[in-house]
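In what follows, chains carry the letters A, B, and so on, assigned in the order in which the sequence lines appear, proteins first and then strands, with residues in each chain numbered from 1.
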Amino acid sequence: MDSNSAPRPTQTSDSLLHRLAGPSTTKAGLANDQTDINRVIADASKGSKFYENEKRKDKDLTEKINRILQQRDEARRGVDIAQIEHNVDQVISKMEAQRDLTQIIVHVDMDAFYANVEILDDPSLKGTIFAVGGGVLTTASYEARKHGIRSGMPEYIAKKLYPNLKVIRCNIPRYAEMSKKVMSIFRRYDPNMLAASVDEGYLNITQYCEDRLQTADEVVQEMRRTVEEETNLTVSAGIAPNKMLAKICSDRNKPNGQFKLDFDATTIKAFMHDLSIRKVPGIGRVNERLLESIGIKTCGDIYTHRATLSLMDKQFGLHYLLQTYLGIASNHVEPYHREERKSIGAERTFSAIGDKDKLFKKLEEVAAELEDDMERHGWTGKTVTLKYKLDTYQVYTRAKSFDRWISTKKEDLFAIGKELLLPELPLRLRLIGLRVTKLKDLRENADAKPGSIKRFLESASESTSPRKKRKLDVDVNDGDNEDSPKLSQDGFEVSMPGYDDDEDEANLEDDIEELEISTEGKPRSSSKPSSSSKPSSSKPTSLASSFRITSSSKPNSAIKPTSRSTPAPKPESEVQSQTCPICSKTLQMDNTAFNAHIDFCLSKGAIREAQAESSASINSKPIRLEPRKHPPKKVARRGKSR
DNA sequence: GCGGATCAC
DNA sequence: TATGGTGATCCGC
């Protein structure tokens, strides 16, 4: 257990080595000896500002862990552990009783997507060691991964690992094109699938299997074969009763393989028992370390330490971890809806700048990009957040809210950003960004109940085939968004917005452009740190020692579950009380019937009324028929450092 | 509402 | 020489 208080054999601690190795360490196709590779990476990084910042974060985390251990020991003192365990066991029984094994969920994941598309266009790359990106790598071929080269890694470090590495520039429009093709094949199996990113999606094939009397394995096998036949790209898949399990399973036989988990509670629990917690979506490197510090490395360990987790629920989130231990999660799959968007922003990295006018110039450029996006996608909002990163890599944000919808003109965005940045100067920065939240959808005026309206419109336009680009509200998924991915780490890359669907190509391309990874900067080392300049404000959250933590600064920590993670099953046809966003009547019916009712209301030209009405009330929140997407989240928290 | 922080891709 | 960009969410003020 506690691997951190042990003496370090080398100068760089294990945790720091691990941190420097990047977030995608647990991925498929890794290298011979991770240790040697981590060493090379650390040596190549040593001395840089980036390295120093990682070191600082690592130290903060170590201190936080020490506080947690102290809290744990204190909390366990004098309490009846057996009793607590008993109580937790009862909670587990209840969760178990709600387990839903009725839905067949599939997670599909394209293998080394960008790299494989490049091979498509240049077959001579097949089997060779190459990467896609520039400055920072977006993805690496499987052969390159064997040498420790991963997405998110700076090119110069990758070349230390393999000097002859060939690096190909990203061709985002091309990837988007292939993504569309592949997604459309997936949709044959579930028209309601969720495209989670350019290269990844979730399907519910329960109906499909039932209709054809085929097993899930057969269907997925056929689907994967179809993708390969029609696109020459391979995909890996996971089949399980919920999204979390399906995602974990898709990684099991990658590349070009599939893995099905038996739809049986005993099998699922056995599967989770030995699974590294790091494999659980939502648990990243930080939470991995926090959990490990109290002895939890696998999901099975969650049960062993249930008493501690219960006592420290605030920090770790007992509920979410228990669900994870049981292998229970959301099995809800539906397409992304435009109204789910919560923010829109732009940010740019550049070689460090200290000059005020030059910084404003950068801010202006970012403002222009943001204007473009907001216009193109039809959004405005009420809050603007400035983000900046010092040349020391420390990140800060400063926000301002308005009681009106802001102008999307770049001049206005710039003015707001300037107002936020000015009081912080002087600073030496390497990144500036602007983000708008508290959004209002300018296309579909329904900011009032978007959920259903959108849903209806979407299916309607789908059948009639859209083709025209914008206007006419209702656009289905404007491609915008989505989940968005960008460079990924784990294996894959990035993003793109709207692949979703058939519909406007032009728009799609625009979106794609923005995805390009910039990495521009020609870094010149900034001569001096000038680190002295620190963000003024800073609110030391210090007092935050909400707990009785001992020492100084940082407050809390730890993991927590989130309400999300749909605890229960919820097949979908459950009768419940719901209020129609159009006619405002409260109805008792299941979702299918409810959507039909909404269709009815909409068909009566109720749209206009709804729009008029909604523009008056800006706040109504989208209604939600089902649990939302997104996993858990919520794990650790920490205070500010330094 | 604000700011820090973590995570996914 | 040199380490992305977009979006979401959570927590503690």
Are OP1 or OP2 of dT3(C) and a side-chain N or O of Arg430(A) less than 4.0 angstrom apart? yes
Side chain of Thr397(A) - closest among dG4(B), dG5(C), dT6(C): dG4(B)
Is the phosphate of dT6(B), meaning OP1 or OP2, less than 4.0 Å from a side-chain N or O of Asn287(A)? no
Report the residue (Gly345(A) or Ser45(A)) whose heavy-atom-nearest nucleotide on DNA chain C is the more 5′ of the two. Ser45(A)
Respond yes when some side-chain nitrogen or oxygen of Arg341(A) is under 4.0 Å from OP1 or OP2 of dT6(C), and no when none is. no
Does dT6(C) have OP1 or OP2 under 4.0 Å away from a side-chain N or O of Arg435(A)? no
Spacing of Lys314(A) atom NZ relative to dC11(C) atom P, expressed in whole Å: 9 Å
Nearest to side-chain heavy atoms of Ala399(A), which nucleotide of dT3(C), dT6(B), dG3(B): dG3(B)
Looking only at non-hydrogen atoms, find the nearest pair between Leu420(A) and Val384(A) and report the distance. CD1-O, 3.8 Å
Rounding to a whole Å, what distance do you find between Lys247(A):NZ and dC7(B):P? 15 Å
How far, in whole Å, is dG4(C) from dC7(B) if one measures between their C1' atoms? 15 Å
From dG1(B), dC9(B), dG5(C), pick the nucleotide closest to the side chain of Lys438(A)? dG1(B)
Quick check on DNA chain B: between Leu420(A) and Arg285(A), whose nearest nucleotide comes earlier from the 5' end? Leu420(A)
Before you tell me yes or no, could you show the steps for Arg56(A) and Glu52(A) under salt bridge (Lys or Arg N to Asp or Glu O under 4.0 Å), namely the whole-Å CA-CA distance, both residues' side-chain angles and the distance that decides it to 0.1 Å? CA-CA 6 Å; Arg56(A) 177 184 59 79; Glu52(A) 293 303 320; over 6 Å; no
5'-most by nearest nucleotide on DNA chain B - His107(A) or Thr385(A): Thr385(A)
Which of dT6(C), dT3(C), dC9(B) is nearest the side chain of Glu200(A)? It is dC9(B)
Rounded to whole Å, CG of Asn38(A) lies from P of dT3(C) at a distance of 19 Å
Separation of Lys389(A) atom NZ from dG4(C) atom P, in whole Å? 5 Å
Tell me whether the rings of Tyr202(A) and His107(A) are parallel (<30°), tilted (30 to 60°) or perpendicular (>60°). tilted
What's the closest nucleotide to the side chain of Thr349(A) if the choices are dT9(C), dT3(C), dG5(C)? dG5(C)
For Cys299(A) versus Thr324(A), what's the shortest heavy-atom pair and its separation? SG-CG2, 4.0 Å
Give a yes/no on whether any side-chain N or O of Lys387(A) is located under 4.0 angstrom from OP1 or OP2 of dG5(C). no
Take the protein atom NZ of Lys46(A) and the nucleotide atom P of dT1(C), then report the distance between them rounded to whole Å. 17 Å
Distance-only donor-acceptor test, Ser343(A) side-chain atoms vs dT6(C) base atoms, 3.5 Å: no
Output the single nucleotide from dG4(C), dG4(B), dC2(B) whose closest atom is nearest the side chain of Arg398(A). dG4(B)
Taking 4.0 Å as the cut-off, does a side-chain nitrogen or oxygen of Ser401(A) come that near to OP1 or OP2 on dG1(B)? no
With a non-hydrogen cut-off below 4.0 angstrom, is Lys159(A) in contact with a base, only sugar-phosphate, or nothing? nothing
Mind checking if Ile344(A) touches a base, just sugar-phosphate, or nothing, with heavy atoms under 4.0 Å? sugar-phosphate
Rounded to whole Å, CG of Leu61(A) lies from P of dT6(B) at a distance of 7 Å
Examine Lys49(A) relative to Tyr51(A) and say whether NZ or CZ is less than 6.0 Å from the centre of the six-membered ring and inside a 45° cone about the ring axis. no
Does dT3(C) have OP1 or OP2 sitting under 4.0 Å from an N or O in the side chain of Ser48(A)? no
Is it the case that Arg443(A) places NZ or CZ above or below the six-membered ring of Trp379(A), under 6.0 angstrom from the centre and within 45 degrees of the axis? no
Could you check how far OH of Tyr51(A) sits from C1' of dT1(C), rounded to whole Å? 19 Å
Apply side-chain hydrogen bond (donor to acceptor under 3.5 Å, both in side chains) to residues Tyr388(A) and Glu347(A) and explain how you reach the verdict. CA-CA 9 Å; Tyr388(A) 61 86; Glu347(A) 63 186 61; over 6 Å; no
Send over the distance from Glu340(A) CD to dA8(C) P, rounded to a whole Å. 9 Å
